[in-house]
Amino acid sequence: MAGKTYSIKENRIRKGFHPGFEPQEDGGLAILKEDTTHCLCLRAIDSAAADSRWGRLSFRASYPEDMVCYLYVAALNEDSFYRRNQPVRIDDFLCDSQESTTIKKEFLRQAGALRFVNQTDVLLYELEGRYLYVMLELIGQGQGQITDMKVDLQGDNFMDTFPEIYRERGGFFHRYMSVFSSIYNDFQKDIDNLPQILDLDTCPSRFLPVYGRWLGIDVGDNFLDEEILRPLVKEAYQLNRMKGTKAVLERIARIVLGEEVLVLERNMMEDYIEKEQMAEFEKLYGSSAFDVTIMVKETTTEVQKSQLLFLLDQFKPIRSRLHIIRMKKAGQLDSYSYLDMNARISRQGMGSLDSSQELDGNVRLK
């Protein structure tokens, strides 16, 4: 079976030496456009066992065609060497900004490093040692990135299934079978990642529109932000069960706006309106029994309004017409306002009086 796989991500990269590159949170490296020489020196990858056999190193790269990529990889059982009769850790030497790239390359050459040019998927069968040292040099100017770098320790799935005579390490048959072993490992990685990809809490945001369509919700193309899209898709089953109800309109508005809204159904309010007020009432709440009004805060943007209508149209009752009204903030009294006799504050809520205010015996706060 395959051995261990070491992923080269943000934490390991930041501990190394990376002039000309900018580490990214997703574990990749962005190539800085203004530099012409880019160098990455990693601290040792420790297998914890002497004479470890290394398998495959691979990464994804995108950069202009006129740039040249040099990859140096060495394996040693020691993590230090003597320089000017003083012990020096190899990690500190490779990651020292005062040391030139030329000296570092010469050190790796003398340590038996393998050198690859413009290759992103290489075999390390010739290397044996506890510590693996990796140096990547990119020469040229332009933009691009290095992502998904990983190293396999041994990582050979098929060789152990053949008779001993066929197991010559680094031979033709070994290299030939490594092609299928690499493909198998890549497939296995994708299979192992399926639970994470299918989990709505951890899946990449680019998959959310696909899952939304699977669950019967049209989420458009890059129309909704991730903070709206993820909870919407997670609750798709419950939202579909409530389709056509007042509750689903309130819940979707809560997801999009992040706050509660007021949903008013015209046919439920008509009996409480006096005839002389009906004209004004219909201007605000519509003239049909199928009109539904959603009251939101004045701070709601036009983008949020469009997102809200786009989603609500998929869940509203048949034949209903939606209206969104943005409400202004309620009035407030400053500290120098006074209440006359029989006056009252009709809106319920928390309030406070400063030390200079007096209340008459007929004044009440309701």
Should [X] and [Y] count as side-chain neighbours, where that means a heavy-atom distance under 4.5 Å?
X: R56; Y: L124; value: no
X: R53; Y: Y125; value: no
X: I90; Y: V88; value: no

Salt bridge flag under 4.0 Å for residues [X] and [Y]:
X: D218; Y: R213; value: no
X: K150; Y: D148; value: yes
X: D201; Y: K234; value: yes
X: D46; Y: R130; value: yes
X: E302; Y: R326; value: yes
X: E250; Y: R254; value: no

How many angstroms lie between atom [atom1] of [X] and atom [atom2] of [Y], to the nearest 0.5 angstrom?
X: Q304; Y: L224; atom1: CD; atom2: CG; value: 11.5 Å
X: I217; Y: E235; atom1: CD1; atom2: CD; value: 9.5 Å
X: R206; Y: I197; atom1: CZ; atom2: CD1; value: 7.5 Å
X: L249; Y: E265; atom1: CG; atom2: CD; value: 8.0 Å
X: L94; Y: C41; atom1: CG; atom2: SG; value: 5.5 Å
X: S52; Y: L127; atom1: OG; atom2: CG; value: 11.5 Å

With a 4.5 Å cut-off on side-chain heavy-atom distances among I, L, V, M, F, W and Y, is there a chain of contacts connecting L309 to V261?
yes

If you group Ile, Leu, Val, Met, Phe, Trp and Tyr by side-chain heavy-atom gaps below 4.5 Å, do Y63 and M135 land in one group?
no

Is the [atom1] atom of [X] crowded by more than 12 outside heavy atoms at less than 6.0 Å?
X: K243; atom1: NZ; value: yes
X: Q110; atom1: CD; value: yes
X: R83; atom1: CZ; value: yes
X: Q238; atom1: CD; value: yes
X: E25; atom1: CD; value: no

Which other residues belong to the hydrophobic cluster containing Y82, where Ile, Leu, Val, Met, Phe, Trp and Tyr are joined when side-chain heavy atoms lie under 4.5 Å apart, directly or via other members?
none

For [X] versus [Y], what's the shortest heavy-atom pair and its separation?
X: W54; Y: G129; result: NE1-O, 2.8 Å
X: L29; Y: L40; result: CD1-CD2, 3.5 Å
X: F59; Y: C69; result: CZ-SG, 4.4 Å
X: A61; Y: I146; result: CB-CD1, 3.6 Å

For the backbone of [Y] and the side chain of [X], can you confirm whether one donor and one acceptor N or O come within less than 3.5 Å of each other?
X: D152; Y: L57; result: no
X: N240; Y: A236; result: yes
X: D225; Y: E227; result: no
X: H38; Y: Q141; result: no
X: Q307; Y: F223; result: yes

Both conditions, 6.0 Å and 45 degrees, for the charged tip of K104 above the ring of F17: are they met here?
yes

What verdict does the side chain to side chain contact (heavy atoms under 4.5 Å, CB included) test give for Q143 and I31, after you've listed the backbone C-alpha separation in whole Å, the side-chain angles of each residue and the deciding distance to 0.1 Å?
CA-CA 5 Å; Q143 288 182 302; I31 301 172; 5.9 Å; no

Over 60° means perpendicular and under 30° means parallel, so tell me whether F107 and F81 are parallel, tilted or perpendicular.
tilted

Would L200 and F207 count as a side chain to side chain contact (heavy atoms under 4.5 Å, CB included) here? Give the steps.
CA-CA 9 Å; L200 295 178; F207 292 142; over 6 Å; no

Would Y70 and F116 satisfy ring-ring contact (aromatic ring centres under 6.0 Å, His included), going step by step from the backbone distance to the final call?
CA-CA 6 Å; Y70 296 97; F116 307 93; over 10 Å; no

Please lay out, stage by stage, how L257 and L308 fare under the test side chain to side chain contact (heavy atoms under 4.5 Å, CB included).
CA-CA 8 Å; L257 305 178; L308 184 58; 4.2 Å; yes

Working note: L42 + M149, criterion side chain to side chain contact (heavy atoms under 4.5 Å, CB included); need CA distance, chi angles, decisive distance, verdict.
CA-CA 12 Å; L42 298 176; M149 182 179 291; 4.3 Å; yes

Check: Y72 ring centre within less than 6.0 Å of Y133 ring centre
no

